[in-house]
Amino acid sequence: MKPGQFLELAYFGITTVLFRRKDPLMGSIILTDRCNLSCRHCAVGNITSVIYPYSRIKADMEKMYSDGIRILFLYGGEPFLWQDHGITLRDLVMEAKRMGFLLVNIVTNGTFRLEVPEADLIMVSLDGGRDSHNKIRGNTYDTILENITDSLSDNICIYMAVNNINKGDIETVCRTAVSLQNVKSISFNFHTPYPGTEDLMLTRDERKDCCDRIERLIDEGYPIFNLRSAFPYIIGNSFMTPCHQCIVMENGKQWTCGRCIEIPNLCSQCGFFFAAEFSLVFSGHVRVIFDMLRTYSRYI
Ligand code: SF4
Ligand code: SF4
């Protein structure tokens with residue numbers, strides 16, 4: 001990240017904490033819920049399968065930018081399935097950069113060629129070693145590793161959702177990540193028990209065990225993009241929800257924190273580390289703020 005961008009984000013952070021502002025900083029746009037996979041833990045793919053038109057996505061990006069959002073995530077469904085009359089995901093990333101977003105990131109299942117060098121970060125899901133991953137995401141493990149290896153980008157973040165199928169694979173994923181040249185970091189979430197997927201949820205003790213192991217891996221020098229200072233709050237779900245600095249838009253509709261906010265009682269079982277981390281940072285939690293500055297400056 002360039003120094004000017006860093007200062008802009010720092011100004012946002014300081015004024016948010018001092019004046020208890022609730023303005024958003026980070027926005028996610030759902031380009032489509034269409035997906036080529038049918039993951040075991042998924043509750044969001046292929047509900048409508050609509051691919052929203054370019055004009056809609058552009059209007060959502062403009063709205064976010066005018067609301068002050070400067071960090072943008074494009075996701076799905078599978079965002080690489082998005083296209084409109086020859087306009088591709090790569091064009092959307094370039095458009096967002098032209099608009100002025102400081103960081104433009106993609107969240108993908110990694111089964112398509114990762115040819116968007118303009119993206120600041122490409123988050124690719126890898127849910128364990130080959131066996132666990134394929135059990136959760138179908139027979140896609142080898143394709144994903146191939147696409148990461150062949151990627152035009154060297155700014156890939158491996159993204160693992162830990163559940164009770166793959167909870168033993170945290171170390172394996174870290175070792176795989178560092179063996180791949182284009183991978184810069186690894187990010188973990190815990191499974192959030194969307195209706196119909198409750199059986200995959202970890203208990204509090206299992207979350208604690210996973211966080212202890214992730215901390216050990218951080219100490220061993222693995223490039224883990226999570227904030228250890230937030231772990232106690234994630235284990236106990238004791239952080240404030242929703243996170244007002246995060247916005248999601250789909251087809252012109254907007255939600256604070258996530259679309260999941262509409263599901264009764266889900267926030268009290270949230271497994272999204274970012275929700276905890278951003279909520280703690282912007283409520284002025286000093287240890288987490290320093291942890292974020294140190295960690296993010298390493299991987300963005
Ligand atoms: S890749 Fe993502 S959107 Fe597609 S089925 Fe899996 S979890 Fe759902
Ligand atoms: S805290 Fe945010 S991300 Fe977590 S379940 Fe609630 S709305 Fe979703």
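Numbers here simply count residues along the sequence, with the first being 1. For the numbers below, each heavy atom of this structure counts, side chains included, while hydrogens, waters and symmetry mates do not. In each ligand, atom 1 is the first atom listed, and ligand 1 is the first ligand listed. Computed from a prediction, not measured in an experiment: that's the story for all the values here.
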- Would you say Cys270 reaches atom 4 (Fe) of ligand 2 with an N/O/S atom under 2.8 Å? yes
- Item | Proximity flag Gly77 to ligand 1, non-hydrogen atoms under 4.0 Å | yes
- Query: To the nearest 0.1 Å, how far is atom 3 (S) of ligand 2 from its closest protein heavy atom, and which atom is that?
  - Reply: Phe272 CD1, 3.6 Å
- atom 4 (Fe) of ligand 1 - nearest protein heavy atom and its distance: Cys35 SG, 2.2 Å
- Task: With heavy atoms under 4.0 Å as the rule, classify the contact between Cys267 and ligand 2 as side chain, backbone, both or neither.
- Result: both
- With rounding to the nearest 0.5 Å, note down the distance linking NE2 in His41 to CE in Met201. 15.0 Å
- Message: So Ile57 and Trp82, do their side chains get closer than 4.5 Å, heavy atoms only?
- Response: yes
- Heavy atom of the protein closest to atom 1 (S) of ligand 2 (residue, atom name, distance): Thr241 CG2, 3.5 Å
- For ligand 1, is any non-hydrogen atom under 4.0 Å from Arg137's backbone (N, CA, C, O), its side chain (CB onward), both, or neither? side chain
- With Leu126 as partner, the option from Ile158, Asp169, Leu180, Thr172 fulfilling side chain to side chain contact (heavy atoms under 4.5 Å, CB included) is Ile158
- Task: Indicate, as side chain, backbone, both or neither, the part of Ile261 found under 4.0 angstrom from ligand 2 when only non-hydrogen atoms are considered.
- Result: both
- Heavy-atom contacts with Asn109 under 4.0 Å: which atoms of ligand 1 show up? List them by number with element. 1 (S)
- Would you please say whether a donor-acceptor pair under 3.5 Å links the side chains of Asp205 and Thr203? no
- Message: Assess the residue pair Glu78 and Thr108 against the criterion (side-chain hydrogen bond (donor to acceptor under 3.5 Å, both in side chains)); give the C-alpha distance rounded to whole Å, side-chain angles, the decisive distance to 0.1 Å, and a yes or no.
- Response: CA-CA 6 Å; Glu78 172 45 49; Thr108 171; 2.9 Å; yes
- Note on the structure: Of all protein heavy atoms, the one nearest atom 6 (Fe) of ligand 1 is Cys39 SG, 2.3 Å
- Query: So which protein heavy atom does atom 2 (Fe) of ligand 2 come closest to, and at what separation?
  - Reply: Cys257 SG, 2.3 Å
- If we only count heavy atoms from C-beta on, is the Ile29 to Met61 side-chain gap below 4.5 Å? yes
- Task: Please report the C-alpha distance between His244 and Phe278 in whole Å, then the side-chain angles of each, then the deciding distance to 0.1 Å, and finally whether the ring-ring contact (aromatic ring centres under 6.0 Å, His included) criterion is met.
- Result: CA-CA 9 Å; His244 291 279; Phe278 273 72; over 10 Å; no
- Nearest protein heavy-atom contact for atom 8 (Fe) of ligand 1: which residue, which atom, what distance? Cys42 SG, 2.3 Å
- Contacting atoms of ligand 1, where contact means under 4.0 angstrom from a heavy atom of Leu37: 5 (S)
- Tell me yes or no: between the side chains of Ser132 and Asn166, is some donor less than 3.5 Å from an acceptor? no
- Message: Contact between Val173 and Ile186 at the side-chain level, heavy atoms closer than 4.5 Å - yes or no?
- Response: yes
- Query: What atoms of ligand 2 come closer than 4.0 angstrom to any heavy atom of Cys260?
  - Reply: 3 (S), 5 (S), 7 (S), 8 (Fe)
